[in-house]
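Counting starts at 1 for both ligands and their atoms, in listed order.
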Amino acid sequence: MDASAMLDRLAAPETRANPFPLYEQVRELGSVLPVADTLVLVTGYAAADRVLRDRGFGVLDREVGAAMFGDEPQPRSWELFGRSILRNNPPVHTRLRGPIASVFTPRRIAALEPAIERAVGRLLTAMAESGREGVPVDFMDRFAFPLPVGVICELLGVPDEDRYRFRRPAHELTRVLEFMSVDEDMSSADLAAQELSGYFADLVTERRARPQEDLIGALVRLRDEDPEQAIGDAELIANLVLLLVAGFETTTNLLGNGLALLGEHPDVRAALADRTLPVADFVEEVLRYDSPIQLTSRIALRDGLSVDGVPVPRFGEVLVLIGAANRDPARYREPQRFDPWRAGNGSLSFGSGIHFCVGAMLARLEAAVAFSRLLDRFPAPTLAPGAIRHDRLLFRGYGELPVTVS
Ligand code: HEM
């Protein structure tokens, strides 16, 4: 397969539906595979981990983008992410990540557990009502979306009444991060960027007027106490939007992918229900086997870099296929098998290195509470016909997932 055929196949709808066969074809050609002068695909776990930790490789920030593409104006959605920690390299990344990580503490996350329990309980009761007498309910709509959006909004301090308006704009906005999205029409993502940044700009103004003990309040305070060093206003808003969209789109997909796997593996369901399998081990295996984030990308920031002997020129791109690395046979025994009993899981689903996911602990907590309470309430949730996957590669998850619960 030549380079352009390979890229066409990565971008193809059948790959978005099920990328795993293609990953294996790529791996057969090499776990670090040059597909063009300036593009390398990585499917190997160790190589992926090394690239993500290597400071010689960075994300496509505004400076790198200007050097690569000139200073043509970028879509608004791209600009917005360009001010967030996700799309900045040190020293900007270090400056922004510090304040965010400092309010995103284990204590603050652990303190959310009772609220998560309450939200899970409410959503399960509502599902039981709608699913009486075997009527299928859409798990995505009734549970996998509202739980994480409620939790991240609680953490950020977004008022209750606004929480359900974010599903469409957040989903639209994340299109800009998708593989091969550069040539696509980004107007809906740009509109979403405008809507979400406008929303958070108003909320920041409101928190300044009436300070509160939530994450927005804490970040506003950090910003105002040290306007020189800390996070700027535009950066503050971009990172709040990032926390919102990263905080639920991914977790929503983790919950959906996990429920689908539960439906396909009654032995796992039984072991979880009788507590012989720890729910945390199930969650780790869902993350490995069907990662909500399937890939990320890094750019060589200087000359002379290579990955496992494959040279990457300055501004060359390395596409790190997280979903493939998580199934590397050099790292996992029987990697294509869903096996929550496997030892030493440690997948790359939350990334690695300086961009390691700030929300990993929160996502794990939500999923653990969700699946244990779900099985307490419905010991045998059954998949009903009509499941629809999102037509996405990077954000892997379901748009609809009908289940019967009674
Ligand atoms: C199952 C759920 C989640 C998955 C699979 C996931 C995955 C990831 C991955 C792979 C990265 C690194 C991207 C890269 O290196 O290019 C990342 C970064 C990030 N995640 Fe998550 N995430 C999840 C949940 C969350 C939650 C709940 C939040 C917030 C509350 C969050 C906020 C972030 C942020 C802010 C970053 C950027 C960190 C940085 O650039 O320094 N994520 N996430």
side-chain contact (heavy atoms from CB on, under 4.5 Å) with L173: of V245, L244, D190, only one passes, and it is V245
Among I216, L362, D214, the one residue meeting side-chain contact (heavy atoms from CB on, under 4.5 Å) with L155: L362
Mind listing the N or O contacts between ligand 1 and protein, cut-off under 3.5 Å?
residue  : atom   : partner : partner atom : Å
ligand 1 : 15 (O) : R298    : NH2          : 2.7
ligand 1 : 16 (O) : T296    : OG1          : 2.6
ligand 1 : 16 (O) : R298    : NH1          : 3.1
ligand 1 : 40 (O) : I85     : O            : 3.3
ligand 1 : 40 (O) : H355    : ND1          : 2.6
ligand 1 : 41 (O) : H93     : NE2          : 2.7
ligand 1 : 41 (O) : R97     : NH1          : 2.7

State, without any angle test, whether R142 and S130 hold a side-chain donor-acceptor pair at a distance under 3.5 Å. yes
Consider only side-chain N and O atoms of N89 and D61, and report whether a donor and an acceptor are under 3.5 Å apart. yes
Give me the ring orientation class for F139 and F143: parallel if the planes are under 30° apart, tilted from 30 to 60°, perpendicular past 60°. parallel
cation_pi(R331, Y45) dist<6.0 Å, angle<=45: yes
